[in-house]
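Have a look at the structure below, then the notes.
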Amino acid sequence: MTTTGAGTVGGPKATVLVVEDEPTINQAVTDRLRAEGYAVHQAFDGPAAVEAFGEHGPDVVVLDVMLPGFDGLEVCRRIQAIRPVPVLMLTARDDETDILVGLGVGADDYVTKPFRMREVVARTHALLRRVERAAELASVPAPTTAVGPVEIDGPARRVTVDGGEVHLTPLEFDLLAALAATPGAVRSREQLMSEVWGWSDASGTRTLDSHVKSLRAKIGASRVRTVHGVGYALETT
């Protein structure tokens with residue numbers, strides 16, 4: 001599905017599915033996104049979220065972690081198995097383990113409750129821009145790149161480490177590819193946020209740091225070097 005962003009004059013609106021069991025929060029998020037020009041559908045539990053996803057085919061999902069029926073992590077697993085879609089998770093807990101699990105099942109970003117409505121809107125805009133940019137880049141696939149034992153097959157979006165395949169989420173792949181574009185060189189947080197997420201500021205650096213931790217768990221912790229106060233580099237050995 002091609003997204004056009006919100007409020008495009010003369011064009012179709014991007015569709016958002018808001019999944020939150022607290023009616024007041026669900027309606028507040030829905031009202032704000034509709035005011036921004038999105039077409040918004042609502043669900044209040046896990047099973048209803050999966051059903052609504054199949055029925056409406058949203059361009060992006062705003063998804064609470066704690067839901068009745070089954071939780072947001074299971075919702076994310078199920079909808080990503082149907083069709084890859086950007087997911088912004090809402091979590092009441094700022095627990096690193098929960099966040100990494102969410103990213104591991106296909107979530108792209110998260111905000112911690114209590115959140116500001118403008119932050120949810122900004123993150124939603126950014127996820128849609130990222131999908132559009134990824135579609136543009138896919139039309140001119142990057143070649144295969146080898147950085148030490150890490151091999152990145154751009155056309156197939158496949159990664160191997162020491163000859164064994166590593167399964168990355170779409171965002172993890174894009175983050176690795178951005179680091180591999182300048183092997184050994186430090187990429188600032190702002191550069192990575194702009195290139196991978198399409199954000200013009202550093203407000204989402206905690207999301208970046210969480211994705212780096214998830215990437216390290218898959219390709220090896222020592223292969224992504226942290227330069228404190230600056231950013232990250234992909235090691236060449």
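Numbers here are sequence positions counted from 1.
A heavy-atom distance below 4.5 Å is found between the side chains of F70 and R78. Within the 4.5 Å cutoff, no side-chain heavy atoms of Y38 are placed close to those of V60. Contact check for D209 versus R189: side-chain heavy atoms found under the 4.5 Å cut-off. No side-chain heavy atom of P86 sits under 4.5 Å from any side-chain heavy atom of R129. The side-chain heavy atoms of R158 and F173, taken from C-beta on, include no pair separated by under 4.5 Å. Side-chain contact between V120 and R32 is absent, with no heavy atoms from C-beta onward closer than 4.5 Å.
Scanning both residues, I152 and A180, for their nearest heavy atoms gives CD1-CB, 3.4 Å. What you find for A28 and M117 is that their closest heavy atoms are CB-CE, 3.7 Å. Across all their heavy atoms, R157 and P170 have their closest contact at NH2-O, 3.3 Å. Shown here for A178 and E195, the closest heavy-atom pair between the two residues is CB-OE2, 3.6 Å. Here the shortest heavy-atom pairing between G184 and A233 reads O-CB, 3.9 Å. Across all non-hydrogen atoms, the minimal contact from C76 to G106 is SG-C, 3.8 Å.
Taking hydrophobic clusters as Ile, Leu, Val, Met, Phe, Trp and Tyr residues chained together by side-chain heavy-atom distances below 4.5 Å, I82 shares a cluster with L73. When hydrophobic clusters are built by joining Ile, Leu, Val, Met, Phe, Trp and Tyr residues whose side-chain heavy atoms come closer than 4.5 Å, directly or via intermediates, V62 is not grouped with F44. Cluster annotation: L179 is not connected to V186 through the hydrophobic network of ILVMFWY side chains, with a link wherever side-chain heavy atoms come within less than 4.5 Å.
Judged purely by atom type and a 3.5 angstrom limit, R187 has no side-chain atom pairing as donor or acceptor with the backbone of L234. Under the 3.5 Å distance criterion, the side-chain polar atoms of Q80 are matched with a main-chain donor or acceptor of V85.
Residues meeting the salt bridge (charged side-chain N to carboxylate O under 4.0 Å, His left out) test with D162, sequence neighbours left out: R223. Scanning for salt bridge (charged side-chain N to carboxylate O under 4.0 Å, His left out) contacts around E55 gives an empty result, with sequence neighbours left out. When the salt bridge (charged side-chain N to carboxylate O under 4.0 Å, His left out) test is applied to R34, no partner is found at least two apart in sequence or on another chain.
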Practice prompt. Kindly determine whether L90 and D64 satisfy side-chain contact (heavy atoms from CB on, under 4.5 Å), including the steps that lead there.
Written response: CA-CA 4 Å; L90 309 178; D64 187 29; 4.1 Å; yes

Item to complete: Give the intermediate values and the outcome of side-chain contact (heavy atoms from CB on, under 4.5 Å) for residues L127 and V87.
Response: CA-CA 8 Å; L127 288 178; V87 173; over 6 Å; no

Worksheet entry | Full working for side-chain contact (heavy atoms from CB on, under 4.5 Å) between T91 and F115 | CA-CA 10 Å; T91 174; F115 50 78; over 6 Å; no

Item to complete: Check the pair R77, D71 against salt bridge (Lys or Arg N to Asp or Glu O under 4.0 Å), reporting the backbone distance first and the verdict last.
Response: CA-CA 10 Å; R77 289 188 188 96; D71 67 18; 5.0 Å; no

Worksheet item: Where do D108 and V131 land on the side-chain contact (heavy atoms from CB on, under 4.5 Å) test, with the steps shown first?
Response: CA-CA 11 Å; D108 297 84; V131 171; over 6 Å; no

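One finds the CE atom of M89 at 12.5 Å from the OG1 atom of T207 (value rounded to the nearest 0.5 Å). A distance of 11.5 Å separates OG1 in T160 from CD1 in I219, rounded to the nearest 0.5 Å. Within the model, atoms CD1 of I25 and OG1 of T30 stand 11.5 Å from one another, a figure rounded to the nearest 0.5 Å. Atom NE2 of H41 and atom CG of L17 lie 8.0 Å apart (nearest 0.5 Å). Rounded to the nearest 0.5 angstrom, L103 CG and L171 CG are separated by 8.5 Å.
Of the candidates L88, I79, T15, T124, I79 is the only one forming a side chain to side chain contact (heavy atoms under 4.5 Å, CB included) with V61. For the side chain to side chain contact (heavy atoms under 4.5 Å, CB included) test with L192, the passing option among V212, L175, D174 is L175; the others fail.
In summary, D59 and K13 do not engage in a salt bridge, as defined by a charged side-chain N under 4.0 Å from a carboxylate O.
Screening residues 212-222 for side chain to side chain donor-acceptor pair (under 3.5 Å) gives E96-K213, E172-S214, E172-K218, R216-T226 as the qualifying pairs, with residues at least two apart or on separate chains. Residues in residues 43-53 take part in no salt bridge (charged side-chain N to carboxylate O under 4.0 Å, His left out) pair, two or more places apart or across chains. Every pair passing salt bridge (charged side-chain N to carboxylate O under 4.0 Å, His left out) that includes a residue from residues 19-29 is listed here, sequence neighbours excluded: E20-K113.
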